[in-house]
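The chain is numbered in sequence order, starting from 1.
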Amino acid sequence: MQKDLINFIRRNYMEYMENLTGYVEKQSHLCQQHDNIDKELYRKYGVKRGLRDENGQGVLTGLTNISQIIAFKDVDGQKVPCDGELLYRGYDVQDLVKGGKGKRHIFEEAAYLLLFGELPTKAQLTEFSGVISESMNLPTNFTRDVIMKAPSVDIMNSMTRSVLTLASYDNQATNLDIDNVLRQCIGLIGTFPMMAVYGYHAYNHYENDGSMYIHRPDKDASVAENLLRMLRPDMKYTELEARVLDIALLLHMEHGGGNNSTFTTRVVTSSGSDTYSAIAAALSSLKGRKHGGANLQVMNMMDDIKEHIKDYHDEEAIEAYLDKLLNKQAYDHKGLIYGMGHAVYSLSDPREKVFKAFVEQLAAAKGRDEDMALYNNIEKIAPRLIAKERKIYKGVSPNVDFYSGFVYEMLGIPRELYTPLFAVARIVGWSAHRIEELVTTDKIIRPAYKSLVTHRDYVDRDAR
């Protein structure tokens with residue numbers, strides 16, 4: 001009887017989906033017809049599409065003390081491209097990485113800095129790292145009842161569902177007092193690695209028929225170490241692996257405040273919404289292919305390049321194929337070399353510059369020198385080709401995503417987790433901006449749109 005009921009429900013749902021699909025296929029042309037706006041009208045009315053000017057510079061929408069991106073310098077009154085800098089609360093990320101040489105908890109140290117505005121003492125870092133470790137704790141049966149239910153290849157959707165569900169376990173979910181919001185944010189920083197990794201294991205088990213194992217985090221391990229511990233069947237990792245992942249997380253945790261997901265956090269925060277809703281909205285933004293999926297695009301492109309280039313030291317062959325990419329004759333025919341250039345930086349991405357040395361160390365340790373040679377040659381050739389083919393006003397250089405996917409691959413991290421790992425890092429920046437928005441602004445973000453609507457006389461239903 002129960003089986004018959006299930007089959008009946010399934011048939012009804014399939015019939016509903018077929019009917020709905022037919023309807024939307026018939027109606028979608030009306031959306032195309034009435035929602036299309038001539039791009040010239042943006043120029044006519046001085047509207048900045050995507051909140052950017054014609055040179056790609058972002059429109060100022062707020063003030064922040066959290067981080068700063070430097071891509072140009074003023075020289076005799078002229079705006080001149082320069083090597084990029086990324087500052088967390090005034091500290092150069094390259095200095096943060098150098099200062100953490102040989103140390104653990106690099107991610108936690110930078111997280112403390114972004115949240116509280118100052119570098120922690122040794123005692124403060126130990127205390128904060130302990131708080132983060134204790135926060136790696138989900139409610140009883142949450143993994144079984146929420147994460148393992150309706151598993152999906154889209155781990156970002158799984159994480160978003162988990163974040164929103166956590167609100168129902170918090171009897172202070174809507175309390176906007178700063179100490180309460182800080183508690184919620186630290187809790188999410190601690191649980192994001194679990195949501196990401198457990199979400200993947202559930203998908204891999206139920207959809208790919210892989211083995212299921214749910215490892216508990218180690219309270220004495222760092223966030224980076226616990227990520228590798230929870231992901232791997234044997235829970236083992238090397239010191240170098242953990243250090244490289246630690247640095248990758250640090251470099252991805254914040255980026256000037258103007259990126260789409262951070263702006264989303266501030267917009268939702270400004271409305272007076274709760275922490276869980278704001279962070280769920282940020283996750284939904286980050287998962288967009290134009291935002292958080294850059295390293296995946298690089299890896300897919302590299303797969304294609306490797307199919308066509310057999311000698312990774314043959315610069316002529318590499319240049320010829322990259323030229324095909326630029327001229328829309330190869331791969332996805334978009335005319336892009338993914339991982340090259342950045343919307344904000346000009347001559348260089350400081351994250352890539354500091355990260356590359358660790359990529360090379362890991363590649364040597366993993367026996368991936370040949371792959372490293374291919375990356376090096378593309379990094380050398382692509383900017384020259386792009387500058388030749390395109391009108392570039394600010395220079396072209398590799399960005400951090402050119403290498404981050406390669407690092408994740410060498411660490412044995414599945415591609416389904418690349419964007420979730422970005423979220424594991426960026427939750428810190430989102431949290432810092434949410435708190436700054438609550439402390440400082442207290443005004444809803446409400447931009448204006450130029451309406452192109454003209455008045456139309458109503459036509460009686462029988463006369464249409």
Side-chain angles (χ1 to χ4, degrees), residues 48 50-53 57-71 85-93 96 107-120 124 128 131-132 135 163 166-167 170 172-190 192 250-286 291 343-344 422-423 425-449:
K48 307 293 191 295
L51 293 181
R52 295 186 193 176
D53 62 23
Q57 187 70 29
V59 175
L60 285 176
T61 59
L63 301 172
T64 184
N65 271 320
I66 295 169
S67 68
Q68 181 183 13
I69 293 170
I70 299 172
E85 296 177 43
L86 175 59
L87 310 181
Y88 288 178
R89 297 285 190 176
Y91 295 94
D92 194 313
V93 292
L96 294 176
F107 170 81
E108 287 86 345
E109 181 177 46
Y112 184 101
L113 172 63
L114 286 181
L115 287 174
F116 303 117
E118 56 188 37
L119 286 170
Q124 287 170 334
F128 180 69
V131 170
I132 294 294
S135 297
V163 168
L166 277 176
D170 186 350
Q172 293 291 316
T174 59
N175 180 350
L176 298 184
D177 290 345
I178 298 304
D179 59 343
N180 186 62
V181 171
L182 181 59
R183 172 188 64 81
Q184 293 169 332
C185 289
I186 289 175
L188 290 173
I189 291 169
F192 257 43
L250 178 150
L251 295 174
H252 283 86
M253 68 167 57
E254 165 60 3
H255 205 232
N259 59 83
N260 193 283
S261 57
T262 301
F263 184 58
T264 298
T265 303
R266 298 194 78 131
V267 169
V268 177
T269 296
S270 77
S271 74
S273 192
D274 64 276
T275 298
Y276 302 98
S277 296
I279 299 305
L283 280 165
S284 299
S285 165
L286 185 68
H291 189 3
V344 178
F422 195 163
R426 190 55 63 88
I427 175 62
V428 176
W430 295 337
S431 298
H433 280 277
R434 172 165 171 78
I435 292 169
E436 187 180 59
E437 186 72 26
L438 289 170
V439 169
T440 301
T441 310
D442 194 28
K443 191 174 182 67
I444 190 169
I445 296 172
R446 190 186 183 282
Y449 271 69

Do Ser285 side-chain atoms and Ala281 backbone N/O form a donor-acceptor pair below 3.5 Å?
-> no
Roughly how far, to the nearest 0.5 Å, is CG of Leu166 from CG of Leu188?
-> 6.5 Å
Is the backbone N or O of Val267 less than 3.5 Å from a side-chain atom of Ser270, with the two atoms forming a donor-acceptor pair by type?
-> yes
With side chains defined as the heavy atoms from C-beta onward, is the minimum distance between His255 and Leu86 less than 4.5 Å?
-> yes
So do the side chains of Ile66 and Glu436 get within less than 4.5 Å of each other, counting heavy atoms only?
-> yes
Distance-only, no hydrogens or angles: does the Asp92 side chain make a donor-acceptor pair with backbone N or O of Leu87 under 3.5 Å?
-> no
Using only heavy-atom distances, determine whether the side chains of Gln184 and Asp170 contain a donor-acceptor pair under 3.5 Å.
-> yes
Compute whether any side-chain donor of one residue and acceptor of the other, for Glu254 and Ser67, lie under 3.5 angstrom apart.
-> yes
Kindly indicate whether the side chain of Leu51, heavy atoms from C-beta on, has any atom under 4.5 Å from the side chain of Phe263.
-> yes
Interatomic distance, CD1@Ile186 vs CG@Leu115, rounded to 0.5 Å, equals 6.0 Å
Check the pair Glu109, Leu250 against side-chain contact (heavy atoms from CB on, under 4.5 Å), reporting the backbone distance first and the verdict last.
-> CA-CA 9 Å; Glu109 181 177 46; Leu250 178 150; over 6 Å; no
Between Met253 and Phe107, what is the shortest heavy-atom contact and its length?
-> CE-CD1, 3.3 Å
Candidate pair Phe116 and Leu182, rule side-chain contact (heavy atoms from CB on, under 4.5 Å), full reasoning | CA-CA 10 Å; Phe116 303 117; Leu182 181 59; 3.7 Å; yes
Output for pair (Phe192 CZ, Ser135 OG), nearest 0.5 Å, gives 13.0 Å
When you measure from the side chain of Arg89 to the backbone N and O of Leu114, does any donor-acceptor pair fall under 3.5 Å?
-> yes
CD on Glu108 to CD1 on Ile189, rounded to 0.5 Å = 10.0 Å
CG/Leu438 to NE2/His433 distance, rounded to the nearest 0.5 angstrom?
-> 13.0 Å
Minimum heavy-atom separation for Val268 to Ala278, with atom names?
-> CG1-CA, 3.6 Å
If we only count heavy atoms from C-beta on, is the Leu283 to Ile427 side-chain gap below 4.5 Å?
-> no
Assess the side chains of Arg434 and Thr269: does a donor N or O sit below 3.5 Å from an acceptor N or O?
-> yes
Going through the checks in order, is the side chain to side chain donor-acceptor pair (under 3.5 Å) test met by His291 and Ser261?
-> CA-CA 8 Å; His291 189 3; Ser261 57; 2.9 Å; yes
Arg426 side chain near Thr262 side chain, heavy-atom distance below 4.5 Å | yes
List the atom of Thr265, the atom of Ala282, and the distance in Å for their closest heavy-atom pair.
-> OG1-CB, 3.3 Å
Any side-chain donor-acceptor pair under 3.5 Å between Thr174 and Asp274?
-> no
Smallest heavy-atom separation, Val344 atom then Ala71 atom, equals O-CB, 3.2 Å
Closest non-hydrogen atom pair, His252 against Phe422 = O-CE2, 3.7 Å
How long is the gap from CD1 on Ile279 to SG on Cys185, to the nearest 0.5 Å?
-> 5.5 Å
For atom CG of Leu63, is the number of surrounding heavy atoms from other residues, nucleotides or ligands below 6.0 Å larger than 12?
-> no
When every non-hydrogen atom of Leu96 is compared with those of Tyr88, the smallest separation belongs to CD1-CD1, 3.8 Å
Heavy atoms, side chains only, cut-off 4.5 Å: are Thr61 and Arg266 in contact?
-> no
Evaluate whether atom CG of Leu60 has more than 12 neighbouring non-hydrogen atoms of other residues, nucleotides or ligands under 6.0 angstrom away.
-> no
Asn65 CG: over 12 foreign heavy atoms closer than 6.0 Å = no
Lys/Arg-Asp/Glu bridge criterion (N-O < 4.0 Å) met for Asp177, Arg183 | no
